[in-house]
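What's counted below: heavy atoms across the whole structure, side chains too, no hydrogens, waters or symmetry copies. We name chains A, B, ... by the order of the sequence lines, and we start the count at 1 in each one.
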Amino acid sequence: MTTCVRPCACRPVLGQDIQPRYSTLPMSDQITDRRAKLKKIIDLDVDPFGERYPGVTANADIRTAAETLKIEAGQILEGDKAVFKAAGRIVLHRDIGSLIFMTVRDWTGDLQFGLSKKMVKEHWKVAKLLDLGDIVGVEGRLGRTKTGELTLWATDFRLLSKALRPPPEKWHGLADIEIRYRKRHVDLYSNPASLRVFVQRARIIDYTRDVLRRRGFIEVETPVLQPIYGGAAARPFLTHHNTLDRDLYLRISPELYLKRCLVGGLERVYEMARCFRNEGISPRHNPEFTMLELYQAYGDYHDMMEITEEIIGGAARDVIGATKIKIGEHEIDYTLPWPRRKYADLFAEYVGFPWDDVAQVRARARELKIEEPKLDDAVVVNALFEHYVEPHLINPTFVLDYPAPLCPLTKRDPNDPDVALRFEIFINRMELGNAYSELNDPDQQRETLSRQLRGEEEETMAVMDEDFVAALECGMPPAGGLGIGIDRLVMLLTRSPSIRDVLLFPLQRAEQRNGKDEPREGEAPAEPGGRSSR
RNA sequence: GAGGGCGUAGCUCAGUCGGCAGAGCAACGGCCUUUUAAGCCGUGGGUCCAGGGUUCGAGUCCCUGCGCCCUCACCA
């Protein structure tokens, strides 16, 4: 049992010990100062960590209300309509003797609170002990200062939480990218733009669910722990269940389970699926990420194109409120409908010859120093496609009808067995979604899962899942299926250059604690204070 | 995994040719009833990411390690 890390029943301890005995962290001078203030506050018989504070109006709503109230500069309004209760974190603080102005931020925006010695009376002593970063609540009257700034003049004020650590620099916020990812809580409260990204992320996901609900889909949850991984070509994470004494994989895709749902008669299903791939990390790749997958019985990949447009184009229009959104150097035009281009046509257009001209494909690959002899034809073709075509796919573009060997889970074109009825949606050169007319022929499925492409590493190769094929043998309706990378979608719509900017807590390497960071739990605390040294 | 860049006060950043470790914000003490990144006077604060080397002398040059970012590869 570790010592108590929260002031709860042991709160009086805080009043006695300025150096709290539970902390293993080095105490900077600023933290020492704040703890000294904490003690003073407790000595004033005030709870520095507040309590329920009901009836708060959001800062943005107070601003809206103020527009209809017509407040003159220098005026403090009389009457019930001017009384508001608000709360938030102090982000700017101006102490002018017996008057304090503070800019207080909640998740809707900022509002100036005004505290005067005369108005807050017995609370004044606590008010003088406030620091940047503290969370406060105020009940008061709306007014404007003589410079016209909307101000909530406190008649009552409460300290709702003392901040024992100082916030980052008030103007620049937290800029160090590494610390923004490692200490996201600090990033969120000091960088409003970061907070907004995650609010918008939630709205985009809500919007997606609304679209699917309107279309009659139900949300299901399928296993993350899977005895056999499948549904994509990727290296999995391996874990182990002790009681069953059995190795399990973290899913790389929910596909094979969602298709079992189709077999069972759940005709329209989707999942916001956290997936895990044991691959490299990049601005577009995180080991865990969120993929929307959905399956619609009796549909095909054309239905999936409609849904893709409705989700992505709709979210741009209705959540972001724009049909054109700039990211990096490009302005993406989300105006619907989006062009449908055949893979074969794009290949011929940008590479210069047909994709099924094996001799030319091999020759070009050799020029690019692709190690083509080891690879299957289709893999080489796709390498050329990625090299020559994908850089041109800036505005949303559906790429249709892929070489069949690349698509083991996709129905073949009845008129051309070399082609699979699959599309990928590209935006800003990035693959955002992937959809099939789903293969529902169990014999063909068994065959495509058995066949391995040269050029794939052993771990990423499709794995035969007999249980899944047996499910297909029970009869799966013809269906359209779609996967959309939610993180990538959020990146595009929020203009975020890295997937880490849209994940609250992206995976980071373990810290070795050289330098700027703090010792971990259980390690010896550094010498407190530091003032005496040197 | 390969290549390139970065790491200095709590935060944002300077630091010239190798010659006393700097600024702003934040903090601390003082003044101030209308501030807007408040202002003014004063004060404290550094493992220059870590370890080694070169040198009379290293934040600076060299080597090794760690972390982050970018590009590439794998992948979505």
[N] OP1/OP2 closer than 4.0 Å to side-chain N/O of [X]:
X: A:Arg182; N: B:C68; answer: yes
X: A:Arg94; N: B:U34; answer: no
X: A:Lys37; N: B:C28; answer: yes
X: A:Arg284; N: B:C70; answer: no
X: A:Thr145; N: B:U34; answer: no
X: A:Lys170; N: B:A37; answer: no
X: A:Arg500; N: B:C69; answer: yes

Length of the line joining [X]:[atom1] and [N]:[atom2], which is rounded to integer Å:
X: A:Glu169; N: B:C25; atom1: CD; atom2: P; answer: 9 Å
X: A:Ile31; N: B:C11; atom1: CD1; atom2: P; answer: 11 Å
X: A:Leu292; N: B:A76; atom1: CG; atom2: C1'; answer: 13 Å
X: A:Tyr229; N: B:A76; atom1: OH; atom2: C1'; answer: 17 Å
X: A:Ile177; N: B:C6; atom1: CD1; atom2: C1'; answer: 11 Å
X: A:Ile179; N: B:G7; atom1: CD1; atom2: P; answer: 14 Å
X: A:Asn286; N: B:C74; atom1: CG; atom2: P; answer: 19 Å
X: A:Glu431; N: B:A76; atom1: CD; atom2: P; answer: 6 Å

hbond_proxy A:Gln30 side chain to B:A26 base (donor-acceptor, 3.5 Å cutoff):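 Between B:A26 and A:Gln30, which were checked side chain against base, a qualifying N/O pair under 3.5 Å is present.
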
Nucleotide paired to [N] in any strand shown, Watson-Crick or G-U, under 3.5 Å:
N: B:C25; result: B:G10
N: B:A2; result: B:U71
N: B:C48; result: none
N: B:G59; result: none
N: B:G39; result: B:C31
N: B:C20; result: none

Check every strand shown and say whether [X] touches a base, only sugar-phosphate, or nothing at a heavy-atom separation below 4.0 Å.
X: A:Pro283; answer: sugar-phosphate
X: A:Leu132; answer: sugar-phosphate
X: A:Leu92; answer: sugar-phosphate
X: A:Gly280; answer: base
X: A:Asp95; answer: base

Side-chain donor or acceptor of A:Glu169 paired with backbone N/O of A:Trp171 under 3.5 Å: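 A pair under 3.5 Å: yes.
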
Donor-acceptor contact present, side-chain A:Arg184 to main-chain A:Leu504, <3.5 Å: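 Yes, A:Arg184 side chain to A:Leu504 backbone: donor-acceptor pair under 3.5 Å.
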
Using atom [atom1] of each nucleotide, how far apart are [N] and [M] to the nearest Å?
N: B:G10; M: B:C48; atom1: P; answer: 12 Å
N: B:G18; M: B:G53; atom1: C1'; answer: 15 Å
N: B:U36; M: B:C49; atom1: P; answer: 37 Å
N: B:G24; M: B:G67; atom1: P; answer: 36 Å
N: B:G22; M: B:C28; atom1: P; answer: 24 Å
N: B:C25; M: B:A21; atom1: P; answer: 24 Å
N: B:A9; M: B:G51; atom1: P; answer: 16 Å
N: B:G44; M: B:G52; atom1: C1'; answer: 34 Å

Nearest to the side chain of [X] - [options]?
X: A:Arg509; options: B:G67, B:U12, B:U34; result: B:G67
X: A:Thr147; options: B:G67, B:U34, B:U35; result: B:U35
X: A:Arg277; options: B:U33, B:U12, B:A76; result: B:A76
X: A:Asp176; options: B:U12, B:U34, B:U35; result: B:U12
X: A:Asp33; options: B:A38, B:A27, B:C11; result: B:A27

Candidates A:Gln30, A:Lys37, A:Arg165 - the one meeting side-chain hydrogen bond (donor to acceptor under 3.5 Å, both in side chains) with A:Asp131: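 The side-chain hydrogen bond (donor to acceptor under 3.5 Å, both in side chains) with A:Asp131 is passed solely by A:Lys37 among A:Gln30, A:Lys37, A:Arg165.
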
Single hit among A:Asn434, A:Thr410, A:Asp401 for side-chain hydrogen bond (donor to acceptor under 3.5 Å, both in side chains) with A:Tyr301: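 Exactly one option meets the side-chain hydrogen bond (donor to acceptor under 3.5 Å, both in side chains) with A:Tyr301, and it is A:Asp401.
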
A:Glu67 bridged to A:Arg63 by N-O distance under 4.0 Å: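 Result for this pair is no, no salt bridge flagged.
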
Residue whose nearest RNA chain B nucleotide is more 5′ - A:Gly173 or A:Glu149: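 On the 5' side of the pair lies A:Gly173.
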
5′-ward residue of the pair A:Gln508/A:Leu432 relative to RNA chain B: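 Checking each residue's closest nucleotide, the 5'-ward one belongs to A:Gln508.
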
CA sep, side-chain torsions, deciding dist, call: A:Leu346, A:Phe385, side-chain contact (heavy atoms from CB on, under 4.5 Å): CA-CA 8 Å; A:Leu346 286 167; A:Phe385 187 90; 4.1 Å; yes

Nucleic acid contacts of residues 110-131 of chain A, taken as heavy-atom distances under 4.0 Å to RNA chain B: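 Here the set is A:Gln112, A:Lys118.
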
A:Glu288 vs A:Leu507, side-chain contact (heavy atoms from CB on, under 4.5 Å): CA-CA, chis, key distance, verdict: CA-CA 8 Å; A:Glu288 57 181 297; A:Leu507 187 70; 5.8 Å; no

Quiz item: cation-pi between A:Arg422 and A:Tyr402, 6.0 Å / 45°: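 Yes, a cation-pi geometry holds between A:Arg422 and A:Tyr402.
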
Face-to-face contact A:Phe101 to B:A38 six-ring, under 5.5 Å, under 30°: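 It does not: the ring fails the test against the base of B:A38.
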
Between A:Tyr249 and A:Tyr229, ring centroids under 6.0 Å: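 Centroid separation for A:Tyr249 and A:Tyr229: below 6.0 Å.
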
Evaluation steps, salt bridge (charged side-chain N to carboxylate O under 4.0 Å, His left out), between A:Arg89 and A:Asp134: CA-CA 6 Å; A:Arg89 190 183 292 276; A:Asp134 290 353; over 6 Å; no

Distance (rounded to the nearest 0.5 Å) between A:Lys118 NZ and A:Trp124 CH2: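 Interatomic distance, A:Lys118 NZ to A:Trp124 CH2, rounded to 0.5 Å: 12.0 Å.
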
